[in-house]
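Let me begin by presenting the structure, written as structure tokens, before commenting on it.
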Amino acid sequence: MIHSMTGFGKASLQLPTKKITVEIKSLNSKGLDLNTRMPSVFREMELGLRNQISQRLERGKVDFSLYVEVTGEETTSKINVPIVKGYINQMKAVIPNADETELMKMAVRMPDALKTERDEIDENEWKQIQTVIDEALESIANFRKDEGASLEKEFQLRIANINNLMNEAVSYDAERVETVKTRLRTALDELKVNVDENRFEQELIFYLEKYDITEEKVRLGNHLNYFLETLNGTEANGRKLGFITQEMGREINTMGSKSNHTEMQKLVVMMKDELEKIKEQVLNVL
């Protein structure tokens, strides 16, 4: 079963003094393009986190965000008391009768009035956060699986359409042979020359062999079957499906160049249209 590279996962956890929220978004990409956003205190855990995400998601343009919302009284910013007092005293020297509340408002806006104490990672807290990350990864994995199921139905429909169009095109083969034979016969009649019938048949067979599409039909049918088999594979197979569509395109193009028949060429154009729709969606397959 295939999985899509497009997905979204979210999970959250309420701790005593803060709320942890993890969001993971992914789009299609040739490889893994991972971007992480998290508070600086957790940066030392980033390498292990990247390895965890890459093993789970494999490919895609992935945006990982870890949000921390403080819900209690805990804060990392503290008033730098000596600095603030110093500012107030300096301003009193300039304006002796100034209102102290206004001086305080001005002082806390001055440089270095607030100091930020660097938090250390709490191991127990990180274990809880790790659980939230696992939940978000599971959520996006399920999203990708559901999207993959929708893509699979779409692919099966398009492959069936191409197969039907191919068989319809082949049904015109006998008519095409007669058309070519009549065209050649008419051209010879206009030249008013006598032609050996055996030689004419030999030349006609040689001419028709150049436009025979039997091999292309067989190979295209094999590619269509191989595409469906790969859809049901257990491994990530987006790249393989892309290669198969390239081979399908070659056979369809060859059939078009050999068709030499208006209705067959119309059907070939319709097959190309179906194939392009497959190629567009294959880019989203993991």
Side-chain angles (χ1 to χ4, degrees), residues 1-9 24-35 49-64 134 136-170 213-259 267-286:
M1 181 178 179
I2 61 173
H3 289 70
S4 171
M5 277 190 279
T6 302
F8 177 78
I24 308 174
K25 304 174 185 177
S26 70
L27 298 172
N28 63 302
S29 177
K30 289 184 178 180
L32 179 65
D33 181 8
L34 177 57
N35 178 50
L49 184 61
R50 282 179 171 273
N51 290 334
Q52 179 185 2
I53 295 173
S54 64
Q55 289 176 7
R56 190 67 185 270
L57 301 184
E58 298 184 40
R59 289 174 62 203
K61 186 180 186 305
V62 180
D63 290 322
F64 172 90
D134 290 337
L137 285 171
E138 184 66 25
S139 176
I140 192 174
N142 290 332
F143 192 111
R144 284 176 151 198
K145 182 179 179 181
D146 293 340
E147 285 289 305
S150 298
L151 285 176
E152 186 171 346
K153 292 179 182 178
E154 177 76 8
F155 288 145
Q156 289 171 343
L157 173 64
R158 301 300 173 191
I159 291 296
N161 289 344
I162 292 175
N163 191 61
N164 293 335
L165 290 168
M166 177 186 68
N167 291 330
E168 188 176 349
V170 172
I213 60 171
T214 302
E215 290 185 10
E216 286 74 19
K217 174 184 177 296
V218 171
R219 285 196 293 264
L220 179 56
N222 289 337
H223 294 327
L224 295 175
N225 291 332
Y226 189 34
F227 190 95
L228 293 175
E229 289 175 10
T230 307
L231 277 182
N232 297 321
T234 56
E235 298 180 356
N237 43 32
R239 290 190 179 95
K240 183 186 288 187
L241 291 175
F243 295 145
I244 298 172
T245 58
Q246 291 177 16
E247 295 302 318
M248 290 161 59
R250 290 192 183 95
E251 302 305 331
I252 293 174
N253 287 334
T254 305
M255 289 178 69
S257 64
K258 286 185 174 184
S259 60
L267 292 168
V268 167
V269 170
M270 293 171 69
M271 281 192 280
K272 288 182 179 181
D273 183 53
E274 293 292 329
L275 182 61
E276 283 303 311
K277 291 174 181 176
I278 291 175
K279 286 182 176 180
E280 290 174 4
Q281 295 299 332
V282 161
L283 295 175
N284 289 323
V285 178
L286 181 63

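These values consider heavy atoms only, across backbone and side chains, with no hydrogens, waters or symmetry-generated copies.
Counting heavy-atom neighbours within 6.0 Å of K258 NZ, excluding the residue itself, gives a total above 12. Surrounding NZ of K240 are at most 12 heavy atoms belonging to other residues, nucleotides or ligands under 6.0 Å away. Residue K25 places its NZ atom among 12 or fewer non-hydrogen atoms of other residues, nucleotides or ligands, all under 6.0 Å distant.
Rounding to the nearest 0.5 Å places NZ of K61 at 6.5 Å from CG of N35. The structure places CZ of R144 at 12.5 Å from CG of D146, a figure rounded to the nearest 0.5 Å. With rounding to the nearest 0.5 angstrom, the CD1 atom of I159 is 5.0 Å from the CG atom of L224. Note that the OG1 atom of T6 and the CG atom of L151 stand 8.0 Å from one another [nearest 0.5 Å]. The CE atom of M270 sits 7.0 Å away from the CD atom of E168 when rounded to the nearest 0.5 Å. Here the straight-line distance linking atom NE2 of H223 with atom CD of Q246 works out to 11.0 Å at 0.5 Å rounding.
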Step by step, work out the side chain to side chain contact (heavy atoms under 4.5 Å, CB included) result for F155 and T230. CA-CA 11 Å; F155 288 145; T230 307; over 6 Å; no

As a quick check of understanding, evaluate salt bridge (Lys or Arg N to Asp or Glu O under 4.0 Å) for R250 and E247, giving each step before the final call. CA-CA 5 Å; R250 290 192 183 95; E247 295 302 318; 2.4 Å; yes

Could you give me the CA-CA distance, side-chain angles and deciding distance for V268 and I252, then say whether side chain to side chain contact (heavy atoms under 4.5 Å, CB included) is met? CA-CA 7 Å; V268 167; I252 293 174; 3.9 Å; yes

If you apply the rule side chain to side chain contact (heavy atoms under 4.5 Å, CB included), what do you find for Q52 with L49, and how did you get there? CA-CA 5 Å; Q52 179 185 2; L49 184 61; 3.8 Å; yes

Side chain to side chain contact (heavy atoms under 4.5 Å, CB included) between M248 and Y226, intermediate numbers included: CA-CA 10 Å; M248 290 161 59; Y226 189 34; over 6 Å; no

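When all heavy atoms of S26 and I140 are compared, the closest pair comes out as OG-CD1, 3.7 Å. Of all non-hydrogen atoms in T245 and L275, the two that sit nearest each other are O-CD2, 3.9 Å. Across every non-hydrogen atom of S29 and G60, the tightest pair is CB-C, 3.6 Å. Closest of all the heavy-atom pairs between G7 and F143 is CA-CD2, 3.3 Å.
Side-chain contact between L57 and F64: absent, with no pair of heavy atoms (C-beta onward) separated by less than 4.5 Å. When side chains are defined from C-beta on, E147 does not count as touching H3, because their heavy atoms never get closer than 4.5 Å. The shortest side-chain heavy-atom distance between R59 and R239 falls under the 4.5 Å cut-off. The shortest distance between side-chain heavy atoms of L283 and M5 does not fall below 4.5 Å. Contact check for M271 versus I162: side-chain heavy atoms found under the 4.5 Å cut-off. Contact of the E58 side chain with the L32 side chain is not registered, since no non-hydrogen atoms from C-beta on lie closer than 4.5 Å. With a 4.5 Å cut-off on side-chain heavy atoms, M255 and M166 count as touching. Side-chain contact between N163 and N167 is present, with at least one heavy-atom pair separated by less than 4.5 Å.
For the pair N142 (side chain) and E138 (backbone), a donor-acceptor distance under 3.5 Å is present. In this structure, the side chain of R219 does not engage the main chain of E251 through any donor-acceptor pair within 3.5 Å. Put simply, the side chain of N232 gets close to the backbone of L228: a donor and an acceptor are under 3.5 Å apart.
Shown are N28, I2, L27; of these, the side-chain contact (heavy atoms from CB on, under 4.5 Å) with N284 is made only by N28.
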